[in-house]
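Working notes, structure below.
Scope of the values below: all heavy atoms of this structure, side chains included, with no hydrogens, waters or symmetry mates. FYI, the numbering just counts along the sequence from 1.
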Amino acid sequence: MDKVLIYQVFTRLYGNRNETRKVGGTIADNGCGKMQDFTPQVLKQLSAMGISHVWYTGIIRHATQTDYTTFGIPRQHPAVVKGRAGSPYAITDYYDVDPDLAVDVPHRMQEFEQLVERTHAAGLKVIIDFVPNHVARQYQSVCKPKKVKDLGETDDTMMGFDPQNNFYYCPGQRFAPYFDLYHGETEPYLEEPAKATGNDHFDNAPGQNDWYETVKLNYGVDYYAGGIGFFDPMPDTWKKMTDILLFWAKKGIDGFRCDMAEMVPAEFWAYATQVVKKKFKDIVFIGEVYNPSEYRHYLASGFDWLYDKVGMYDTMRAVICHHTSTSAISNAWQATDDIKDHMLYFLENHDEQRIASDFFAADAKKGVPALIASVLMQQNPFMLYAGQEYGERGMDHEGFSGNDGRTTIFDYWSLDTLCRAAQKKLTAEENALFDLHQRVFQIARKERAVTDGVFFDLMYVNRHLDRQYAFLRYAEGELLLAAVNFEDLDVVVDIRIPAHAFDFLGIAEKKVIATDLLSKERLAMSLRRDGSVRMEIAAQSGRVWKMKLTQNVM
């Protein structure tokens, strides 16, 4: 089967070549990337890199401080918008496209449809966000189909909870957060009765660290009564949100990345994914689920892939930062071994700090061993965040986001590495990092031992390895011996291959000439039961030795 390699792009930032980078700047100051920046040439380059899916983050229209009222788009009060550009997870119209991303605003939906066509023409698949748990405080759809009733339109606002309401309310109470409701405007933001806030804050006074710019959607769960579900008759929100999924599926997209999926009851997902997949059988659902005890519940409810954040991501980060030994990697994959094909590995995304940031490893190269292992050790998908392949540092103070080691999702900005990559002005080190990513991805997409092969972890017989990690992949007479080095120094290591590996994989002992798929170096090896293979591994690097073997007929 094909290895899924997802490239997450923050659409607003990716193609922006304006290098003004004024802190807190407007769209006029700092510019904005467009959907049309994803030209056939750009998409062809992503495909050549080995990418299979592009996740266009921030497509659906969300709250912003930029005024588009001349195009019939309601203006948002700045008191309930985070940053000049606004959060892409504060949706204002589920049936619309973010006007920031369009060259011709009135034809923004056509521009999105053309983006889907171009992406498919390049041999890539399209993933977009679906934000099911919350919407912007001033949600109002102006693009919904004629017969669709808007969210909250028929709500009984005198009820804190009603299974058929779309929102939760604080009857008799005005929205009164712990911050200025004017935000430079002559009139304050007014909301009465107050709606519950998106991060399950069920009173009228969210704080600065709450998701105060959003309101929680009601899927029939009474949180005021301890989380009791009322799912029969079907809650109105279920029908409305499933219709939204179908609307975008009809645009020809290939998958949804579902934001904070675990904050929405699994019963809804079981219903919605079944309805959507009945009409679009190849569409995939990616769930942002952080509670391992819920993984299997959400997979059973129709999700294809789940974030492996608290397992593999947190482990790889701890290993990179010298907080734990490489044996922890074995523990991480073993915890989800029964669902391993459904776990999405990553080292960066829009929520996490950049590897090269001062808050993480301060050097992109330190993430290389984790990259090699994460991509090659299993058949499951891997996700790369745009700029990671060049070592983007995420150390800008963009405005609302602040200098936190993350690339902003709230501000108009451009990324230094992406700008210089487009101008062919990358440093030698950055080019080398990109080449390494491309080689690893090509191995993942083309080598049968990765796409279809068996995985065998070697760490249980190599307990002397504290900063290295080693494993085998095997398919149809082709064996890969992968070993990565998280140490900051070059090492020479002896890696033992147990007799059980020969039995498990069904291979025979043999003297071979192995080729490192990363460096093209060749090495004579003697593969013996319970024998060892000696190799040099450079600091913060790895080896992927390929060798041809005959199967053991005994």
Side-chain angles (χ1 to χ4, degrees), residues 80 89-91 94 130-137 139 151-178 191-242 244-245 258-275 285 287-303 306-307 309-311 335 339 351:
V80 286
Y89 298 103
I91 301 296
Y94 279 117
F130 176 59
V131 187
N133 176 64
H134 49 266
V135 296
R137 296 212 88 92
Y139 182 92
L151 288 167
E153 186 176 331
T154 60
D155 279 8
D156 180 354
T157 61
M158 298 303 292
M159 298 292 293
F161 167 77
D162 185 291
Q164 298 306 319
N165 276 356
N166 298 136
F167 301 119
Y168 297 90
Y169 296 91
C170 302
Q173 299 182 61
R174 180 176 292 185
F175 181 63
Y178 298 107
E191 179 182 300
E192 189 173 357
K195 301 182 185 77
T197 297
N199 59 323
D200 291 359
H201 192 101
F202 290 97
D203 63 36
N204 68 327
Q208 284 280 21
N209 295 325
D210 287 307
W211 305 347
Y212 63 79
E213 82 282 22
T214 69
V215 291
K216 174 85 172 178
L217 281 168
N218 172 9
Y219 286 84
V221 179
D222 187 353
Y223 292 98
Y224 298 116
I228 301 171
F230 294 87
F231 304 141
D232 186 14
M234 182 182 294
D236 181 68
T237 303
W238 287 30
K239 301 171 186 176
K240 286 177 177 173
M241 299 305 280
T242 303
I244 291 162
L245 287 166
C258 301
D259 183 69
M260 296 309 297
E262 69 179 329
M263 296 183 76
V264 173
E267 290 84 355
F268 162 75
W269 293 116
Y271 167 76
T273 57
Q274 183 179 32
V275 170
F285 284 80
E288 185 183 19
V289 177
Y290 293 129
N291 183 354
S293 68
E294 290 291 329
Y295 286 170
R296 291 151 190 85
H297 193 190
Y298 279 83
L299 288 174
S301 300
F303 280 95
L306 301 177
Y307 272 37
K309 195 274 181 192
V310 301
I339 52 173
D351 286 317

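Side-chain atoms of Pro292 and Val310, non-hydrogen and from C-beta on, do get closer than 4.5 Å to each other. Considering only heavy atoms from C-beta on, His134 comes within 4.5 Å of Tyr89 through its side chain. Looking at heavy atoms from C-beta onward, Asp200 lies in side-chain contact with Lys216 at the 4.5 angstrom threshold. Contact annotation: the side chain of His201 never approaches that of Tyr212 to less than 4.5 Å [non-hydrogen atoms, C-beta and beyond]. Considering only heavy atoms from C-beta on, Lys195 stays 4.5 Å or farther from Tyr139 through its side chain. In this structure, the side chains of Phe268 and Phe231 stay at 4.5 Å or more apart for every pair of heavy atoms. Side chains of Asp156 and Asn165 form a contact here, defined as non-hydrogen atoms less than 4.5 Å apart.
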* Test side-chain contact (heavy atoms from CB on, under 4.5 Å) on Asp351 and Glu288 and set out the steps. => CA-CA 11 Å; Asp351 286 317; Glu288 185 183 19; 3.3 Å; yes
* To do: Just do the side-chain contact (heavy atoms from CB on, under 4.5 Å) check on Arg137 and Thr197 with the steps written out, would you?
  => CA-CA 9 Å; Arg137 296 212 88 92; Thr197 297; 3.3 Å; yes
* Starting from the C-alpha separation in whole Å, work towards a yes-or-no answer on side-chain contact (heavy atoms from CB on, under 4.5 Å) for Tyr271 and Glu267. => CA-CA 6 Å; Tyr271 167 76; Glu267 290 84 355; over 6 Å; no
* Checking side-chain contact (heavy atoms from CB on, under 4.5 Å) for the pair Leu217/Phe167: CA distance, chi angles, key distance, verdict? -> CA-CA 5 Å; Leu217 281 168; Phe167 301 119; 3.6 Å; yes
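Residues Phe303 and Ala261 come closest through the heavy atom pair CZ-CB, 3.7 Å. Considering all non-hydrogen atoms of both residues, Met263 and Gly198 come closest at CE-O, 3.6 Å. Contact between Gln164 and Asp155 at its shortest, heavy atoms only, is O-OD1, 4.1 Å. Heavy-atom minimum distance, Pro193 versus Pro171: CB-CA, 4.0 Å. Pairing each heavy atom of Leu245 with each of Ala272, the nearest pair is CD1-CB, 4.0 Å. Taking every heavy atom of both residues into account, Ala90 and Thr214 meet most closely at CB-CG2, 4.0 Å.
The distance from atom CZ of Phe285 to atom CG of Leu306, rounded to the nearest 0.5 Å, is 13.0 Å. Interatomic distance, Thr237 OG1 to Asn218 CG, rounded to the nearest 0.5 Å: 5.0 Å. Taken to the nearest 0.5 Å, the OH atom of Tyr298 stands 14.0 Å off from the CD1 atom of Ile339. Atom CD in Glu262 sits 8.5 Å away from atom OH in Tyr290 (nearest 0.5 Å).
Inspection of the Ser293 and Asn291 side chains reveals an N or O donor paired with an N or O acceptor under 3.5 Å. Looking at Asn166 and Asp236, their side chains do bring a donor and an acceptor atom within 3.5 Å of each other.
No more than 12 heavy atoms of other residues, nucleotides or ligands sit less than 6.0 Å from atom CD of Gln274.
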Anything under 3.5 Å between a donor and an acceptor, one on a side chain of residues 219-229, the other on a protein residue two or more places apart or in another chain? List them.
from	atom 1	to	atom 2	distance (Å)
Tyr219	OH	Pro132	O	2.6
Asp222	OD1	Tyr224	N	3.0
Asp222	OD1	Ala225	N	3.2
Tyr224	OH	Tyr169	O	3.0

